[in-house]
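All remarks here apply to the structure that follows.
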Amino acid sequence: MIHFKKNASIVIQTITKYRYGPRAVKLTEECYDSLMLSLEKKGIPVFSLPYALDWCQDEVAKYKQSQFKNAILRLADVYEYGKVLPRHIIIHMQPSESWQNLIEGYISDITDAGLYSRTHLRNIRHTVTQFCCFAEYNGLSGIEALDYNILEQYDQYMRESLKAFYIRNC
């Protein structure tokens, strides 16, 4: 179970990086502790996605099942790809004050230009905030640090994220 603990810690680090709250982190840890105990009791030496999903369905309280299933899918990503795939991560949009000031300045400038409807401005704000949060969560301290590497990472995130794909296409 050495790999289990290591991979579970990668998931915890990832959701912490993307600012998941303490409750989400605690539920994820609880899921992994309970799942590991179940695997050990059954004599299963390695993580098994089918077993984990069945265990979640059969053994976990209904009100925790969706959170546990997400935790299991993230863990499966780490086993298969070495990281949590964007389709299983949501960017929580809480930019720092400096990023928020940049966003507000940009929105103010395009609002003053009068080229966009109120609805379109709301969509622009959402998209820009999501990108800025992604940049911040990935170590950028400001817009001056923006480079092609982070743009490529964001493009990859958008391509891998089913929800983001639909948002981007709209």
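Just the heavy atoms: all of them, side chains too, but no hydrogens, waters or symmetry mates, feed the values below. Quantities reported herein were computed from a predicted structural model and do not represent experimental measurements. Numbers here are sequence positions counted from 1.
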Using modelled atom types only, decide if a donor and an acceptor are shared between the side chain of Tyr32 and the backbone of Ala71 within a distance under 3.5 Å.
yes

Apart from Tyr63 itself, residues in the same hydrophobic cluster as defined by side-chain heavy atoms under 4.5 Å:
none

Distance-only donor-acceptor check, side chains Ser38 and Tyr51, under 3.5 Å
yes

May I ask you to list the residues sharing a hydrophobic cluster with Leu85, side-chain cutoff 4.5 Å, ordered by chain and number?
Tyr81

Just to verify, what does Ser108 make a side-chain contact (heavy atoms from CB on, under 4.5 Å) with, not counting sequence neighbours?
Asp112

For Phe4 versus Tyr79, what's the shortest heavy-atom pair and its separation?
CA-OH, 3.0 Å

For Asp77, side-chain hydrogen bond (donor to acceptor under 3.5 Å, both in side chains) partners two or more places apart
His88

Under the rule for salt bridge (Lys or Arg N to Asp or Glu O under 4.0 Å), what residues qualify as partners of Arg19, not counting sequence neighbours?
Glu136

Sequence neighbours left out, what passes salt bridge (Lys or Arg N to Asp or Glu O under 4.0 Å) with Lys17? Give chain and number order.
none

State, to 0.1 Å, how close Gly43 and Pro45 come at their nearest heavy-atom pair, and which atoms those are.
O-CD, 3.3 Å

Are Ile90 and Tyr20 side-chain neighbours, meaning at least one heavy-atom pair lies under 4.5 Å?
yes

Counterpart residues, ring-ring contact (aromatic ring centres under 6.0 Å, His included), relative to Tyr154 (two or more places apart)
Phe131, Phe134

Starting from Leu37, can I reach Val46 by hopping between I/L/V/M/F/W/Y residues whose side chains sit under 4.5 Å apart?
no

Quick one: SG on Cys132 to CG on Leu146, what's the gap to the nearest 0.5 Å?
9.0 Å

Could you give me the CA-CA distance, side-chain angles and deciding distance for Lys69 and Leu53, then say whether side-chain contact (heavy atoms from CB on, under 4.5 Å) is met?
CA-CA 7 Å; Lys69 183 178 178 188; Leu53 292 173; 4.0 Å; yes

Any side-chain heavy atom of Ile72 within less than 4.5 Å of one from Trp55?
yes

How many angstroms lie between atom CG of Leu73 and atom CG of Asn70, to the nearest 0.5 angstrom?
6.5 Å

Same cluster or not: are Ile150 and Tyr148 linked, directly or through other Ile, Leu, Val, Met, Phe, Trp or Tyr residues, by side-chain heavy atoms under 4.5 angstrom apart?
yes

Sequence neighbours left out, cut at 3.5 Å: what donor-acceptor pairs do the side chains of residues 24-31 make with other protein atoms?
residue : atom : partner : partner atom : Å
Thr28   : OG1  : Ala24   : O            : 2.8
Glu30   : OE2  : Lys64   : NZ           : 2.3

Could you work out, with side-chain contact (heavy atoms from CB on, under 4.5 Å) as the rule, every residue matching Gln100, not counting sequence neighbours?
Pro95, Ile103, Glu104, Arg125

Can you name the closest pair of heavy atoms from Gln57 and Gln65 and give their distance?
O-NE2, 3.1 Å

Determine whether Thr129 and His126 make a side-chain contact, defined as any pair of heavy atoms from C-beta on separated by less than 4.5 Å.
no

Is there a path from Tyr157 to Leu140 through hydrophobic residues (I, L, V, M, F, W, Y) whose side chains come within less than 4.5 Å of each other?
yes

State, to 0.1 Å, how close Phe68 and Cys56 come at their nearest heavy-atom pair, and which atoms those are.
CB-SG, 3.8 Å

Who are the side-chain contact (heavy atoms from CB on, under 4.5 Å) partners of Asn149, not counting sequence neighbours?
Asp147, Gln153

Considering only heavy atoms from C-beta outward, does the side chain of Asp155 approach that of Arg159 to under 4.5 Å?
yes

Applying ring-ring contact (aromatic ring centres under 6.0 Å, His included) as the test, list every pair that has at least one member in residues 95-115; sequence neighbours left out.
none

Any non-hydrogen side-chain atom of Ile110 less than 4.5 Å from a side-chain atom of Tyr116?
yes

Under the side-chain hydrogen bond (donor to acceptor under 3.5 Å, both in side chains) test, residues paired with Ser98 that sit two or more places apart:
Ser96

Test item: Arg74 and Ile89 side chains (from C-beta on) under 4.5 Å apart, heavy atoms:
yes

Should we count CD of Glu144 as having more than 12 external heavy atoms under 6.0 Å?
yes

